[in-house]
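Written below as structure tokens is the structure these notes are about.
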Protein chains: 2
Amino acid sequence: MDRIDRKIIVELQRDATLSLARLADRVGLSQTPCWKRVQKLEQTGVITRRVALVDPQMVSLGLTAFVAISANDHSPSWREAFARGIAGMAEITEVWRMAGEADYLLKVVTRDMASFDAFYRRLTETLELKSVTSSFAMERVAYTTALPIAIDEP
Amino acid sequence: MDRIDRKIIVELQRDATLSLARLADRVGLSQTPCWKRVQKLEQTGVITRRVALVDPQMVSLGLTAFVAISANDHSPSWREAFARGIAGMAEITEVWRMAGEADYLLKVVTRDMASFDAFYRRLTETLELKSVTSSFAMERVAYTTALPIAIDEP
DNA sequence: GTTGAAACGCCCTGATG
DNA sequence: CATCAGGGCGTTTCAAC
């Protein structure tokens, strides 16, 4: 993982439609070794996938909420039930196990408050939770999937 | 935006490398009309971009934090300063204007706690903030950029 | 690492029904 | 919408340096 690899990552995080020729040009390489590097980055799991990003508003999914959850107990069986429960809920796009107050933080995407309420009922009926605190986003001010890769410093 | 459009979105959100032939097959269309739909979804801004996703651990960016911020005042000038301030900080991958307690919620990605601390100092030195509360993620339990598109119900 | 080239698949366009 | 046909681009592999 050197400077050129990081350049490749930076470019592909911004635009995965970039052709190999243009990518190679931008990172200062010819096509063949550039292609080999991209392959390696994919095979070693640095680049995990290539996806299309969709505007939530355009598909009527305007409500994003962050839901902080505290577990009822901290047994392995609760964890399993939690894992199974959230697996079936497509509205949950992210799950983070947290340090501090809450045990988990969920990012939840729904159509509107009514849909969120339906989700909330399902969540609290499915799982045994000590506490659930929902915070609602009014506006997505900034959003990127690109990780802050520093090209220069390793 | 009909059933087929939503199917296309679902597929491309999962895997943007899908060839047109296979995509067309999966959504039950022939290539030409499928291609036209994809074009339209891109031109109308439903599909905003295609990106490569990177494993944070693999690039030594293992620390994700959620930072809740309250503004010093709620003037337009503060907003401007805020917008300018966060624009230069690559560690901030998401900014949400929130309802409730905090004014903004930031998702911040850094290498480790030392890097986060450096970021934190920069943040609090750059901006006038009433309060800043950081919560740290221990584990990314689930993560997807795919919005929960329902194929059947509009 | 570089260049050059070949083979193949895929994208994209057009015509037709 | 489907199908067919074609040109051109891009990916992928190989050879040689």
Side-chain angles (χ1 to χ4, degrees), chain A residues 1-56 58-61 144-147 149-154, chain B residues 1-56 58-61 144-147 149-154:
Chain A
M1 172 81 54
D2 62 0
R3 214 178 131 79
I4 295 179
D5 281 329
R6 288 193 290 271
K7 275 192 186 178
I8 291 174
I9 294 170
V10 167
E11 292 297 334
L12 292 183
Q13 274 191 320
R14 279 204 300 203
D15 181 10
T17 69
L18 210 58
S19 77
L20 196 61
R22 280 151 72 65
L23 177 64
D25 188 51
R26 290 200 193 175
V27 304
L29 231 56
S30 57
Q31 248 180 293
T32 309
C34 183
W35 181 81
K36 284 185 180 172
R37 280 171 183 262
V38 173
Q39 291 301 311
K40 193 158 196 177
L41 288 171
E42 283 170 350
Q43 276 154 23
T44 55
V46 177
I47 294 175
T48 55
R49 58 203 319 192
R50 289 154 185 256
V51 300
L53 299 184
V54 170
D55 185 336
M58 296 295 285
V59 291
S60 304
L61 289 169
T144 180
T145 55
L147 302 176
I149 310 275
I151 292 173
D152 292 315
E153 340 169 36
Chain B
M1 171 80 53
D2 61 1
R3 213 179 132 80
I4 294 179
D5 281 328
R6 289 193 290 272
K7 276 190 184 179
I8 290 174
I9 294 170
V10 167
E11 293 296 333
L12 292 183
Q13 278 193 135
R14 280 204 298 201
D15 181 10
T17 68
L18 210 58
S19 78
L20 195 61
R22 280 150 72 66
L23 177 63
D25 187 51
R26 288 199 194 175
V27 304
L29 231 56
S30 57
Q31 251 182 295
T32 309
C34 183
W35 180 81
K36 286 186 178 172
R37 279 172 183 261
V38 173
Q39 290 301 310
K40 192 158 199 178
L41 288 171
E42 282 170 351
Q43 276 153 25
T44 55
V46 178
I47 293 174
T48 54
R49 58 203 319 192
R50 290 154 185 258
V51 300
L53 300 183
V54 171
D55 184 335
M58 295 296 285
V59 290
S60 305
L61 289 170
T144 181
T145 56
L147 303 176
I149 311 275
I151 292 174
D152 293 316
E153 338 170 37

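Letters A, B, ... are given to chains in the order of the sequence lines, protein chains preceding strands, and every chain is numbered from 1.
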Validation row: [X], [Y] side chains within 4.5 angstrom (heavy atoms):
{"X": "Leu41(B)", "Y": "Ile8(B)", "value": "yes"}
{"X": "Val51(B)", "Y": "Arg14(A)", "value": "no"}
{"X": "Ile151(B)", "Y": "Val10(B)", "value": "yes"}
{"X": "Arg50(A)", "Y": "Glu42(A)", "value": "yes"}
{"X": "Gln13(B)", "Y": "Thr144(B)", "value": "no"}
{"X": "Ile47(B)", "Y": "Leu53(A)", "value": "no"}

Whole-Å distance separating the [atom1] atom of [X] from the [atom2] atom of [N]:
{"X": "Glu42(A)", "N": "dT11(D)", "atom1": "CD", "atom2": "P", "result": "12 Å"}
{"X": "Asp25(B)", "N": "dC1(D)", "atom1": "CG", "atom2": "C1'", "result": "16 Å"}
{"X": "Lys36(A)", "N": "dG1(C)", "atom1": "NZ", "atom2": "P", "result": "9 Å"}
{"X": "Leu23(A)", "N": "dT11(D)", "atom1": "CG", "atom2": "C1'", "result": "13 Å"}

side-chain contact (heavy atoms from CB on, under 4.5 Å) assessment of Leu61(A) paired with Ile149(B): CA-CA 8 Å; Leu61(A) 289 169; Ile149(B) 311 275; 4.2 Å; yes

Nucleotide-resolved protein contact map, nucleotides 2-15 of chain C, B/S/- at heavy-atom distance under 4.0 Å: BBB------SSBB-

C1' spacing across the pair dG17(C) / dG7(D), given as an integer number of angstrom: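 Looking at atom C1' only, dG17(C) and dG7(D) are 23 Å apart.
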
Among Arg22(B), Arg6(B), Arg26(B), salt bridge (charged side-chain N to carboxylate O under 4.0 Å, His left out) partner for Glu11(B): Arg26(B)

Secondary-structure notation, DNA chain D, from Watson-Crick and G-U pairs under 3.5 angstrom (| other strand): ||||||.|||.||||||

